[in-house]
Amino acid sequence: MISIPNDIQLHDKTIQFLESSQKMLIGGEWVSAKSGATFPTLNPANGELLAEIPLADTTDVNAAVSAARKAFDSIWLPKITPAKRASLIWKLTELMKRDLQVFMELETLDNGKPLNKAKYDVLGAINHFRYYSGWATKIEGATIPVSSNKLVYTKKEALGVVGLIVPWNFPLMMCAWKLAPALACGNCCILKPAEQTPLTALYLGKLIQEAGFPDGVVNIVTGPGTPTGEAITSHMDIDKVSFTGSTIVGRKIMAAAAQSNLKKVSLELGGKSPNVIFDDADLKAVMKGVHWSSFYNTGQECTLGSRLYVHRKVYDQVLEGLKVNAQKLTLANGLTSPDLGPMVSEKQMNTVLDYIASGQEEGAELITGGARATGELSNGYFIPPTIFSHNDDQLKIVQEEIFGPVVSVSPFEDFEEIVHRANDTRYGLAAAVWTKDISKAHRFANACKAGTVWINAYDLFDPAVPFGGYKESGIGKEMGKSAIDLYTQEKAVWVAL
Ligand code: NAP
Ligand code: MG
């Protein structure tokens with residue numbers, strides 16, 4: 001029996017799901033790993049075991065790929081029309097809405113995030129499937145006028161079998177970002193959730209079956225990067241791998257693709273996003289949002305505004321306001337809907353604590369936070385919001401992605417300087433600028449080497465808007481029309497007239 005805070009009542013379906021033995025979805029069957037191996041998934045709020053999960057190796061991944069290939073060749077491509085694909089994806093969204101509370105609870109238990117924030121994630125995932133349900137019937141080719149008496153038309157065709165590897169920070173939402181366009185485009189999928197957070201992906205598998213997707217169209221294999229992830233990335237019969245995670249693993253995935261069948265690769269990787277506040281910004285709006293852009297999801301967010309640059313004229317004021325707001329953020333077991341939950345794992349917590357130590361050793365000034373939470377929270381992996389003030393962009397905490405509730409704040413003087421400093425990173429996922437001067441805002445957006453720029457806002461997303469990194473933050477754009485290109489290939493057909 002799992003322990004939950006007083007006054008919290010879990011949904012019957014959540015309890016039932018947690019009490020059932022966990023299996024993977026391969027070819028429409030719920031199965032254990034062939035080897036019988038399992039691994040634990042824990043509740044990071046208290047370190048307790050939530051479930052034992054099958055640990056897939058090459059044998060299991062091979063079985064999943066065979067099932068996906070068979071479904072692609074025999075049913076999904078030849079027999080299911082785009083309109084039918086659309087209606088299956090739409091049906092899935094209705095089932096997800098029905099089980100909203102269950103998804104929220106499983107996400108909170110497995111990942112640690114506050115229940116009310118898990119709700120945004122689940123609703124976001126539902127919206128994503130809805131949006132791509134609409135796309136299934138609108139994937140068109142073109143006719144191309146050529147310089148001879150020929151008819152040329154193009155088709156956008158599904159790739160075939162795609163491997164989808166997702167991280168633990170937004171577990172269900174990341175599944176949706178990949179599954180929704182992959183399915184809308186007509187592919188069959190091998191989904192691998194992160195080992196820390198497999199539960200919502202497995203629950204989604206139940207609803208995929210209930211919605212009526214043919215067996216083998218979606219297969220869900222669970223396990224760590226080695227061996228499960230590697231069995232996917234090195235597989236000779238997977239046509240594409242779509243990966244979200246760290247830049248380090250992204251490199252390994254490209255190498256595995258290159259050394260196997262040159263499968264296509266798209267990557268959503270890390271970030272170290274600059275959040276720039278000019279002295280003419282609406283400081284009220286800044287103070288309302290800057291603690292969220294610095295600490296949302298306990299900092300475990302690829303777009304986190306982890307490098308905060310504040311014009312010298314308002315530096316003290318903003319730093320003080322940020323400190324006061326950060327100290328007000330509540331930390332607790334996510335089921336009680338605090339502002340922030342724990343780090344996802346002990347390992348991630350220790351990584352973040354090491355970065356905090358390095359910030360102190362390298363001479364950054366610690367403004368608040370800086371140590372693991374104690375007392376009632378000491379069983380879980382809690383780190384309070386941590387702020388460093390500094391004048392040196394070469395510090396490790398300023399250059400490397402920490403993926404925790406740590407923000408580095410530094411003053412700047414002028415536009416040219418801050419553009420240079422904002423871009424002084426190997427990452428290029430996102431950036432934000434706060435100013436009332438619209439021409440300055442657009443000049444900054446123009447100069448910024450990042451895939452997304454927010455002006456007087458932070459962390460806005462919509463399924464219709466492309467998202468993805470410049471530089472070492474990734475290859476390819478997810479979301480919007482762009483994701484259709486990620487999951488299709490173009491064929492040109494020539495006709496002699
Ligand atoms: P990670 O260690 O790179 O893992 C991501 C996924 O890859 C997990 O499912 C992981 O499996 C798997 N994996 C690990 N090694 C692998 C290998 N050799 N071959 C194939 N798969 C492998 O990242 P994470 O720690 O889960 O997530 C944090 C990172 O993700 C951060 O760097 C963050 O910026 C990035 N991220 C980026 C975005 C974005 O959209 N750009 C969004 C969210 C997160 P196991 O964990 O089960 O071993
Ligand atoms: Mg977990």
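Numbering of ligands and ligand atoms starts at 1, following listing order. All values below were derived from every heavy atom in this structure, side-chain atoms included, with hydrogens, water molecules and symmetry-related copies excluded.
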Engineer: Purely on distance, is any nitrogen or oxygen of Lys192 under 3.5 Å from one on ligand 1?
Structural biologist: yes

Engineer: Around atom 13 (N) of ligand 1, find the nearest protein heavy atom and jot down its residue, atom name and distance.
Structural biologist: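 Result for atom 13 (N) of ligand 1: Gly225 CA, 3.5 Å.
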
Engineer: Please verify whether a non-hydrogen atom of Phe467 lies at under 4.0 Å from ligand 1.
Structural biologist: yes

Engineer: Compute both the distance and the angle, then confirm whether Lys396 meets the cation-pi test with Tyr355: under 6.0 Å from the six-membered ring centre, within 45 degrees of the axis.
Structural biologist: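 Pair Lys396/Tyr355 counts as cation-pi.
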
Engineer: Over all heavy atoms of both residues, which pair between Leu304 and Phe295 is shortest? Give the atoms and the distance, please.
Structural biologist: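 Minimum heavy-atom separation between Leu304 and Phe295: CD1-N, 3.9 Å.
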
Engineer: I need the nearest protein heavy-atom contact for atom 21 (N) of ligand 1: residue, atom name and distance, please.
Structural biologist: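 Of the protein heavy atoms, Gly229 CA, 3.6 Å lies nearest.
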
Engineer: Just need the protein heavy atom nearest to atom 31 (C) of ligand 1, so name the residue and atom and give the distance.
Structural biologist: Glu401 OE1, 3.3 Å

Engineer: Under a 4.0 angstrom heavy-atom cut-off, which atoms of ligand 1 come close to Phe243?
Structural biologist: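 Selected atoms, number and element: 3 (O), 5 (C), 6 (C), 7 (O).
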
Engineer: Report yes or no: is the cationic atom of Lys240 (NZ for Lys, CZ for Arg) closer than 6.0 Å to the six-membered ring centre of Tyr487, at no more than 45° off its axis?
Structural biologist: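 Yes - Lys240 lies over the ring of Tyr487, closer than 6.0 Å to its centre and within 45° of its axis.
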
Engineer: Looking at the Mg ion (ligand 2), is there an N, O or S atom belonging to Trp168 that lies under 2.8 Å away from it?
Structural biologist: no

Engineer: Could you check whether Asp424 and Gln394, counting side-chain N and O atoms only, form a donor-acceptor pair closer than 3.5 Å?
Structural biologist: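 The criterion, which ignores hydrogens and geometry beyond distance, is satisfied for Asp424 and Gln394.
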
Engineer: Given the side-chain rings of Trp177 and Phe467, with only the six-membered ring counted for Trp, is the space between their centroids under 6.0 Å?
Structural biologist: yes

Engineer: Among the heavy atoms of Gly223, does any lie under 4.0 Å from an atom of ligand 1?
Structural biologist: yes

Engineer: Please work out whether the ring planes of Tyr203 and Phe17 are parallel, tilted or perpendicular, with thresholds of 30° and 60°.
Structural biologist: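 Tyr203 vs Phe17 ring planes: perpendicular.
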
Engineer: Using the six-membered ring wherever Trp is involved, compare the ring planes of Tyr132 and His128 and label them parallel, tilted or perpendicular (cut-offs 30° and 60°).
Structural biologist: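 Aromatic pair Tyr132/His128 classed tilted.
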
Engineer: Given 3.5 Å as the limit, does a donor-acceptor pair link the side chain of Arg372 with the main chain of Tyr381, or not?
Structural biologist: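 Between the backbone of Tyr381 and the side chain of Arg372 there is no qualifying donor-acceptor contact (under 3.5 Å).
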
Engineer: For a quick test of reading the model, state the closest non-hydrogen atom pair linking Cys448 to Ala431 and the distance between them.
Structural biologist: SG-CB, 3.4 Å

Engineer: N/O to N/O below 3.5 Å, does that happen between Gly245 and ligand 1?
Structural biologist: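 Right, the criterion is met.
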
Engineer: Determine, using heavy atoms of Thr226 and all atoms of ligand 1, whether some pair is separated by less than 4.0 Å.
Structural biologist: no

Engineer: Relative to the heavy atoms of Ala194, which atoms of ligand 1 are at a distance of less than 4.0 Å?
Structural biologist: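 So the atoms of ligand 1 that pass are 9 (O), 47 (O).
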
Engineer: Return yes when Gln348 approaches ligand 1 closer than 4.0 angstrom through a heavy atom, no otherwise.
Structural biologist: no

Engineer: Just which atoms of ligand 1 are under 4.0 Å from any heavy atom in Thr244?
Structural biologist: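 Here the atoms of ligand 1 in question are 5 (C), 36 (N), 37 (C), 38 (C), 39 (C), 40 (O), 42 (C), 43 (C), 44 (C).
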
Engineer: Is a side-chain donor-acceptor pair under 3.5 Å present for Trp168 with Asp110?
Structural biologist: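 No, because no side-chain N or O of Asp110 sits under 3.5 Å from a partner of the opposite role on Trp168.
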
Engineer: Identify whether NZ of Lys or CZ of Arg in Lys206 sits under 6.0 Å from the centre of the six-membered ring of Trp30 and within 45° of that ring's axis.
Structural biologist: yes

Engineer: Just how far is it from atom CG of Leu115 to atom CE of Met104, taken to the nearest 0.5 Å?
Structural biologist: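 Reported to 0.5 Å precision, the distance equals 4.0 Å.
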
Engineer: Leu269 to ligand 1: N or O pair under 3.5 Å?
Structural biologist: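 In this structure, Leu269 places an N or O atom under 3.5 Å from an N or O of ligand 1.
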
Engineer: Is Trp168 in polar range of ligand 1, meaning some N or O pair under 3.5 Å apart?
Structural biologist: yes

Engineer: Which ligand 1 atoms does Pro167 reach within 4.0 Å, using its non-hydrogen atoms?
Structural biologist: 26 (O), 27 (O), 43 (C), 44 (C)

Engineer: By number and element, which atoms of ligand 1 are closer than 4.0 Å to a non-hydrogen atom of Val166?
Structural biologist: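 Those of ligand 1 that fall under 4.0 Å from Val166 are 6 (C), 8 (C), 9 (O).
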
Engineer: Does any N or O of ligand 1 fall below 3.5 Å from an N or O anywhere on Asn169, backbone included?
Structural biologist: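 No: no nitrogen or oxygen of Asn169 is under 3.5 Å from one in ligand 1.
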
Engineer: Decide whether an N or O pair under 3.5 Å exists between Trp177 and ligand 1.
Structural biologist: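 Between Trp177 and ligand 1, no N or O pair is found under 3.5 Å apart.
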
Engineer: Once you measure the plane-to-plane angle for Tyr131 and Trp135, does it fall in the parallel (<30°), tilted (30-60°) or perpendicular (>60°) bin?
Structural biologist: perpendicular

Engineer: Out of Phe403, Phe170, Phe39, who gets a non-hydrogen atom closest to atom 28 (C) of ligand 1?
Structural biologist: Phe403

Engineer: Please determine if the Mg ion (ligand 2) has an N/O/S atom from Gln196 lying under 2.8 Å away.
Structural biologist: yes

